[in-house]
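Mind having a look at this structure? Questions to follow.
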There are 2 protein chains.
Amino acid sequence: MTVVLSERKKQILKAVVVNYTNTAEPVGSRTVTRVYRMGLSSATIRNEMADLEEMGYLAQPHTSAGRVPSQLGYRYYVDYLMEKDGLSMDEEQALTSSLSTEKMREIEQIIINSARVLSAATNQTSLIMGPQFKKSAFRQIRILPLDESRGLVVLITDTGFIKNKVIDMKQHLSQAELQQVVSYLNQKLYGLTIDQVTTSLINELKRDLFRRLEILEQAFILLEESLKEERQIRVFLGGTTNILNQPEFKDVDKIRRMLNLFEQEPLLFKILEDTSSENDFVIKIGDENECEDIKECALITGTYKIRDKTLGTVGVLGPTRMDYSRVISIMRLLVDHLNMSLSS
Amino acid sequence: MTVVLSERKKQILKAVVVNYTNTAEPVGSRTVTRVYRMGLSSATIRNEMADLEEMGYLAQPHTSAGRVPSQLGYRYYVDYLMEKDGLSMDEEQALTSSLSTEKMREIEQIIINSARVLSAATNQTSLIMGPQFKKSAFRQIRILPLDESRGLVVLITDTGFIKNKVIDMKQHLSQAELQQVVSYLNQKLYGLTIDQVTTSLINELKRDLFRRLEILEQAFILLEESLKEERQIRVFLGGTTNILNQPEFKDVDKIRRMLNLFEQEPLLFKILEDTSSENDFVIKIGDENECEDIKECALITGTYKIRDKTLGTVGVLGPTRMDYSRVISIMRLLVDHLNMSLSS
DNA sequence: TCTTAGCACTCGAACTTTTAGAGTGCTAAG
DNA sequence: CTTAGCACTCTAAAAGTTCGAGTGCTAAGA
């Protein structure tokens with residue numbers, strides 16, 4: 001499929017992509033000769049560019065304008081031409097230090113902060129999918145009596161989720177009775193992922209317990225509601241207003257569509273889930289994206305882990321005219337940091 | 001201070017406000033005669049409008065355009081002319097039902113949903129300040145041993161906040177010892193608001209306990225971090241993209257400033273706090289607002305309570321051209337609902 | 001065969017001019 | 001005090017103009 005390009009064509013294509021990424025203006029043949037002097041006249045460049053256009057790597061907004069990379073052009077650039085490290089030492093250090101500011105312990109805090117840093121560093125919008133509660137393994141359940149008629153159910157997973165819920169207990173339970181129920185539940189559920197705790201399993205447990213105690217109906221509500229409630233995994237956004245700085249979004253209507261999308265968590269989740277690959281970063285350019293609303297954008301995604309278990313996805317969303325090299329470098333740094341600070 | 005307006009001037013002012021609220025177009029004298037026929041010719045209306053302009057209630061975008069209410073005009077309308085109930089029975093019912101969809105128990109869920117409903121019903125941006133953790137009263141603290149070296153500290157307030165934190169316990173504590181520490185803490189702290197739990201109090205407690213047990217340093221971290229961490233109270237937003245539909249925000253630059261504001265929680269908090277009054281709704285029009293960024297907007301705020309204790313603030317933010325009557329009716333409904341569902 | 005200077009041509013962005021109509025203020029008569 | 005009538009104003013939209021960056025093509029040179 002991939003047509004072989006002459007070395008000169010590659011250089012020109014790269015020049016166009018880089019220049020367009022910086023300026024957001026169509027790139028003319030003279031600009032190419034001026035900025036990336038390669039001992040050729042503009043006329044020659046012109047001929048080459050005409051070729052590249054015919055091959056589909058460049059496009060012209062109108063007859064008498066410079067060239068702009070097409071989607072295919074970006075794809076070629078990303079696959080074969082891009083420099084691998086788009087980050088200076090200085091930037092790298094600055095970034096590292098802004099990531100490891102404090103001993104943040106809360107998982108949610110870490111992620112919110114990461115989203116912020118990522119969007120600030122890339123000048124794009126960042127999306128981070130929080131750890132998936134459903135995929136976590138059940139660790140233990142506890143019931144704390146609060147007063148006469150109420151108790152606190154606490155549910156803990158291996159990835160550090162702690163969910164709690166106040167429940168009404170219609171009848172009073174003695175400490176011993178409670179203990180009994182709790183240890184029974186722990187024994188049955190230990191090690192299962194939340195996904196695996198199906199309604200039918202819950203019902204089975206209920207039947208078992210009801211024989212002995214008719215009281216704990218409410219206790220199961222935590223389990224059941226956890227299942228429902230967390231169906232929508234949380235997606236954390238950073239720098240949603242950054243798209244306003246991109247010249248390709250100077251149209252209020254586009255802005256509206258974009259911001260609307262940002263408000264719909266399930267859609268964002270789907271976007272991130274569709275693209276994620278376990279091991280490396282994925283770049284989706286233009287209509288390589290499934291989602292209709294971001295077919296004019298590029299999306300770069302990667303995953304982060306806790307102790308080799310894939311937990312969530314990190315993404316950067318921006319116009320196709322994006323500094324791919326730089327963004328990927330930043331994301332790599334961030335993901336490494338995330339892996340580290342979540343594993344402790 | 002308030003100049004007395006003739007009945008006719010009041011009617012005309014009201015007509016201009018209502019019409020402008022609906023159309024967002026300057027209102028001409030002919031429009032007034034046509035739509036609100038009051039047996040007068042446009043020339044007469046014109047004279048009256050010229051008077052109203054001189055008095056400062058109306059303004060003209062340019063010489064040959066219709067009139068637009070000035071800030072003072074809105075103020076007069078809101079204070080003296082506005083219909084009190086801007087909501088039809090049907091709408092009221094629809095609203096009530098969308099508020100009480102499910103038996104939502106989580107306080108945060110209730111508020112998020114409220115923000116969504118409020119913004120959808122008003123077509124404006126809604127802000128709801130969550131219950132202030134700091135103002136809540138300490139109810140009880142518990143420590144759950146998780147395994148050999150770790151425990152879960154749970155802190156519960158009278159307004160239903162439950163905060164938890166996993167702590168490392170350097171030395172193993174027996175159940176009895178733990179029990180002793182916990183009941184000591186509960187006894188000392190019960191009934192204090194989180195505000196009142198100062199660092200010095202904590203230190204005093206520490207000193208007391210250290211005499212007996214040198215272990216629980218970590219347990220205090222929950223308390224201390226709770227104090228710091230929650231300094232920024234959460235503000236929940238709904239319908240941030242609604243401002244994009246307002247013609248007064250067709251300028252990308254204004255949009256940017258506005259959305260930027262929305263991303264800065266501390267500012268939002270300040271805006272809500274500045275305006276809140278315990279008992280009734282407050283309407284701030286234009287530069288009656290402290291905050292520079294919303295001097296072109298109108299902000300309506302009210303408070304909600306749990307059992308007569310003021311918990312937080314609800315706000316609606318939009319252009320000064322707003323259907324005040326309708327928005328207030330909706331907010332009244334919402335606040336009542338909120339008071340009810342939070343008190344159970 | 002590849003490169004390049006030269007030139008006519010194209011097209012959009014920015015600026016200016018024109019036009020149409022909504023709305024005003026003023027005057028004089030009812 | 002009200003109103004018909006009219007000249008006047010001002011904007012938004014349409015139409016027209018200018019300017020320059022950039023192209024494609026041709027023909028001459030390496």
Side-chain angles (χ1 to χ4, degrees), chain A residues 4-13 15-20 22-70 73 247-248 250-252, chain B residues 5-13 15-17 19-20 22-70 73 247-248 250-252:
Chain A
V4 179
L5 294 184
S6 74
E7 201 52 43
R8 203 164 69 179
K9 284 199 173 59
K10 285 184 190 171
Q11 275 191 34
I12 293 174
L13 175 55
V16 172
V17 170
V18 170
N19 204 274
Y20 185 63
N22 294 331
T23 64
E25 296 287 322
V27 184
S29 54
R30 269 208 67 215
T31 312
V32 175
T33 54
R34 237 185 308 131
V35 184
Y36 311 83
R37 46 185 73 261
M38 43 183 84
L40 290 173
S41 79
S42 63
T44 310
I45 305 292
R46 236 169 3 247
N47 288 329
E48 293 285 45
M49 281 164 92
D51 289 354
L52 281 167
E53 177 168 2
E54 199 173 351
M55 297 161 92
Y57 295 104
L58 295 179
Q60 247 179 331
H62 55 267
T63 334
S64 71
R67 298 310 207 288
V68 156
S70 68
E248 24 274 279
K250 64 186 196 313
D251 175 18
V252 179
Chain B
L5 293 184
S6 74
E7 202 52 43
R8 203 165 68 180
K9 284 199 173 60
K10 286 185 191 171
Q11 275 192 37
I12 293 173
L13 176 55
V16 171
V17 170
N19 204 275
Y20 185 63
N22 294 333
T23 64
E25 297 288 325
V27 185
S29 54
R30 269 208 67 218
T31 312
V32 176
T33 54
R34 236 186 308 131
V35 183
Y36 310 83
R37 46 184 75 262
M38 40 185 88
L40 291 173
S41 78
S42 63
T44 309
I45 305 291
R46 233 162 14 241
N47 288 330
E48 294 285 46
M49 281 164 94
D51 289 353
L52 282 168
E53 178 169 3
E54 201 173 350
M55 297 161 92
Y57 294 105
L58 294 180
Q60 244 178 331
H62 56 267
T63 336
S64 71
R67 297 313 205 290
V68 157
S70 69
E248 25 273 279
K250 65 187 195 312
D251 175 18
V252 180

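Numbers restart at 1 for each chain; the letters A, B, ... are given by sequence-line order, proteins then strands.
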>> Can you give me the closest heavy-atom contact between A:Tyr36 and A:Val18, atom names plus distance?
In response: OH-CG1, 3.7 Å
>> If I take atom NE2 in residue A:His62 and atom C1' in nucleotide C:dC11, what distance separates them, rounded to the nearest angstrom?
In response: 6 Å
>> If I take atom CE in residue A:Met49 and atom C1' in nucleotide D:dG22, what distance separates them, rounded to the nearest angstrom?
In response: 9 Å
Atom pairs, N/O to N/O, protein against nucleotides 17-19 of chain D, distance under 3.5 Å?
none

> For D:dT2, does OP1 or OP2 lie under 4.0 Å from any side-chain N or O of B:Arg8?
Replying inline: yes
> Which one is paired to C:dT27, where only Watson-Crick or G-U wobble pairs with both distances under 3.5 angstrom count?
Replying inline: D:dA4
>> In this structure, how many angstroms lie between the C1' atom of C:dG23 and the OH atom of B:Tyr20, rounded?
In response: 16 Å
>> Please give me the minimum heavy-atom distance between A:Arg30 and A:Thr33, naming the atom from each residue.
In response: O-OG1, 2.6 Å
> Under the 3.5 angstrom rule, does the side chain of A:Ser70 hit a backbone N or O of A:Ala59 as a donor-acceptor pair?
Replying inline: no
> Does B:Thr63 or A:Thr44 map to a spot on DNA chain C nearer the 5' end, using the closest nucleotide for each?
Replying inline: A:Thr44
> Within the structure shown, what part of the strands sits under 4.0 Å from B:Ser42 by heavy-atom distance: base, sugar-phosphate, or nothing?
Replying inline: nothing
>> Can you give me the closest heavy-atom contact between A:Leu58 and A:Pro69, atom names plus distance?
In response: CD2-CA, 3.9 Å
>> Restricting to non-hydrogen atoms, name the atom on A:Val27 and the atom on A:Val16 that form the minimum distance, rounded to 0.1 Å.
In response: CG2-O, 3.8 Å
> Nearest-Å distance, CD1 (A:Ile45) to C1' (C:dT3)?
Replying inline: 11 Å
> What residue among A:Glu53, A:Glu48, A:Glu54 forms salt bridge (charged side-chain N to carboxylate O under 4.0 Å, His left out) with A:Arg67?
Replying inline: A:Glu53
> In whole angstrom, what separates A:Arg46's CZ from D:dA21's P?
Replying inline: 14 Å
> Between C:dG25 atom P and B:Glu53 atom CD, what is the distance in whole Å?
Replying inline: 7 Å
> Between D:dT9 atom C1' and B:Arg67 atom CZ, what is the distance in whole Å?
Replying inline: 13 Å
> D:dA30 P sits how many Å from A:Leu40 CG, rounded?
Replying inline: 17 Å
> Between A:Val32 and A:Ala15, which heavy-atom pair has the shortest distance, and what is it?
Replying inline: CG1-CB, 4.4 Å
> Considering only side-chain heavy atoms of B:Ser41, which listed nucleotide, D:dT3, D:dG24, D:dG22, is closest?
Replying inline: D:dT3
> Hey, which of these two, B:Ser64 or B:Asn47, hits DNA chain C nearer its 5' end, going by closest nucleotide?
Replying inline: B:Ser64
